Amino acid sequence: MPTDTPIGREAQALPGVELLWSGRVPDHIADALARPHILDGEESTRLAAFVRDTDRDSYAVAHVTLRRLLGERLGLAPEAVPFSREPCTHCGGPHGRPVVPGSPVHFSLSHTSGLVMIALATGPVGIDVEGVPGDIGIVADVAAQLHPKERAHLAALPTADRALAFARCWTRKEALLKATGVGLNEDLALTYVGAGPQPAADADWLVADLPADPGYTAAVAVRRTTPGPAPQ
């Protein structure tokens, strides 16, 4: 099995989250590429289609590791873990949250620029990890699409602090939209997760920042097991 990299005691203790795994692609790529038989036909086709080695390697580590973690949790061989997708909660299309049919285990994965994160949970879950953008112009362009309160918070910050706060907000938002099954099909201005030091409260979803390597931000969202505080 891939060696678990702890993501912090507070994150590990989130209600409903069974496992959080983080790994650097260079540390796991040799093992992942040695196990191509684990992937199904669709995954193998996508892996072969990558032009850049960095994209191929991140995908291989993420999907091989996910299959191994799910296989251990479900008592199946990694290659025997079946995948399907729920209907999109936004449009009803066949591109909603990925699931293992008939399994009580929910999962989410994310990979970017050499880092992979995976979450397993007892309820719908989403995880996201992103590099902090170095181009403040990109930050301004994308931030314009966020919730009005998030835009206002970012605009009030010194320029030097804006990229990190934006990345923190983005990972929270993408983790939550993955968990709900909407993904980035939804208008980014509709969901408020906050850009400050702590995620905004949500009555139905628990959103938490995760420790990440320098230059990255990460977050996880999981459906609450008990009602939470009302949003402010």
Side-chain angles (χ1 to χ4, degrees), residues 1-7 11-12 16-88 93-131 171 174-175 177-179 181 183-184 210-213 216 218-222:
M1 282 301 302
T3 302
D4 290 355
T5 301
I7 307 185
Q12 293 274 358
V17 175
E18 293 187 341
L19 180 143
L20 291 167
W21 186 93
S22 174
R24 299 180 182 93
V25 172
D27 295 341
H28 297 276
I29 185 56
D31 182 66
L33 292 180
R35 302 172 186 271
H37 63 282
I38 286 179
L39 303 179
D40 64 19
E42 180 179 348
E43 291 168 320
S44 298
T45 298
R46 289 193 63 185
L47 183 66
F50 286 110
V51 175
R52 298 193 304 175
D53 288 349
T54 52
D55 295 333
R56 178 207 64 186
D57 292 352
S58 292
Y59 184 91
V61 170
H63 285 259
V64 168
T65 303
L66 175 64
R67 282 187 166 277
R68 296 178 72 192
L69 292 172
L70 283 171
E72 181 183 52
R73 172 64 177 80
L74 298 172
L76 298 172
E79 59 270 27
V81 176
F83 291 125
S84 66
R85 285 188 177 270
E86 295 181 338
C88 173
H95 48 259
R97 185 172 47 234
V99 295
V100 177
S103 167
V105 180
H106 297 253
F107 66 89
S108 181
L109 66 80
S110 180
H111 52 88
T112 183
S113 303
L115 193 63
V116 172
M117 288 190 176
I118 295 171
L120 303 186
T122 57
V125 65
I127 197 167
D128 191 52
V129 58
E130 304 286 347
T171 53
E174 186 159 352
L177 295 179
K178 282 182 177 181
L184 296 180
L210 299 176
D213 286 358
Y216 295 87
V220 64
V222 63

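Computed from a predicted structure; not experimentally measured. Only heavy atoms go into these numbers, but all of them, side chains included; no hydrogens, no water, no symmetry mates.
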Rounding to 0.5 Å, atoms NE2 (H111) and CG (D128) come to a distance of 10.5 Å
V105 versus L74: any side-chain heavy-atom pair under 4.5 Å?
-> yes
Side chain to side chain, I118 and S108, heavy atoms closer than 4.5 Å | no
Under the side chain to side chain contact (heavy atoms under 4.5 Å, CB included) rule, what do R73 and F107 come out as? Steps first, then yes or no, please.
-> CA-CA 11 Å; R73 172 64 177 80; F107 66 89; over 6 Å; no
T171/M117 under side chain to side chain contact (heavy atoms under 4.5 Å, CB included): CA gap, chis, key distance, verdict | CA-CA 12 Å; T171 53; M117 288 190 176; over 6 Å; no
Residues D40, R46: salt bridge by 4.0 Å N-O rule | no
Check: R56 and L33 side chains under 4.5 Å, non-hydrogen atoms = yes
With no hydrogens and no angle check, is any side-chain donor or acceptor of K178 less than 3.5 Å from a backbone partner on L109?
-> yes
Should the pair E79-R67 be classified as a salt bridge under the 4.0 Å nitrogen-to-oxygen rule?
-> no
Nearest-0.5 Å distance, NE2 of residue H28 to CH2 of residue W21 | 4.0 Å
Smallest heavy-atom separation, S84 atom then P101 atom, equals OG-CG, 3.3 Å
Side chains of L20 and I127: does their closest heavy-atom pair fall under 4.5 Å?
-> yes
What distance separates S58 OG from R24 CZ, expressed to the nearest 0.5 Å?
-> 13.5 Å
Measure the shortest side-chain to side-chain distance between V25 and L115 over non-hydrogen atoms and say whether it is less than 4.5 angstrom.
-> no
Any donor-acceptor N/O pair, S110 side chain to V129 backbone, under 3.5 Å | yes
V99 side chain reached by R85 side chain, heavy atoms, under 4.5 Å = no
T65 side chain near V116 side chain, heavy-atom distance below 4.5 Å = no
Look up atom OG1 in T112 and atom OH in Y216, then write down how far apart they are to the nearest 0.5 Å.
-> 6.5 Å
Nearest heavy-atom pair of A175 and A219: which atoms, and what distance?
-> CB-O, 3.6 Å
S44 side, atom OG; H37 side, atom NE2 - distance, nearest 0.5 Å = 11.0 Å
Least distance between heavy atoms, R97 atom then G181 atom | NH1-N, 3.6 Å
Taken to the nearest 0.5 Å, the spacing of F83 CZ from L66 CG works out to 4.5 Å
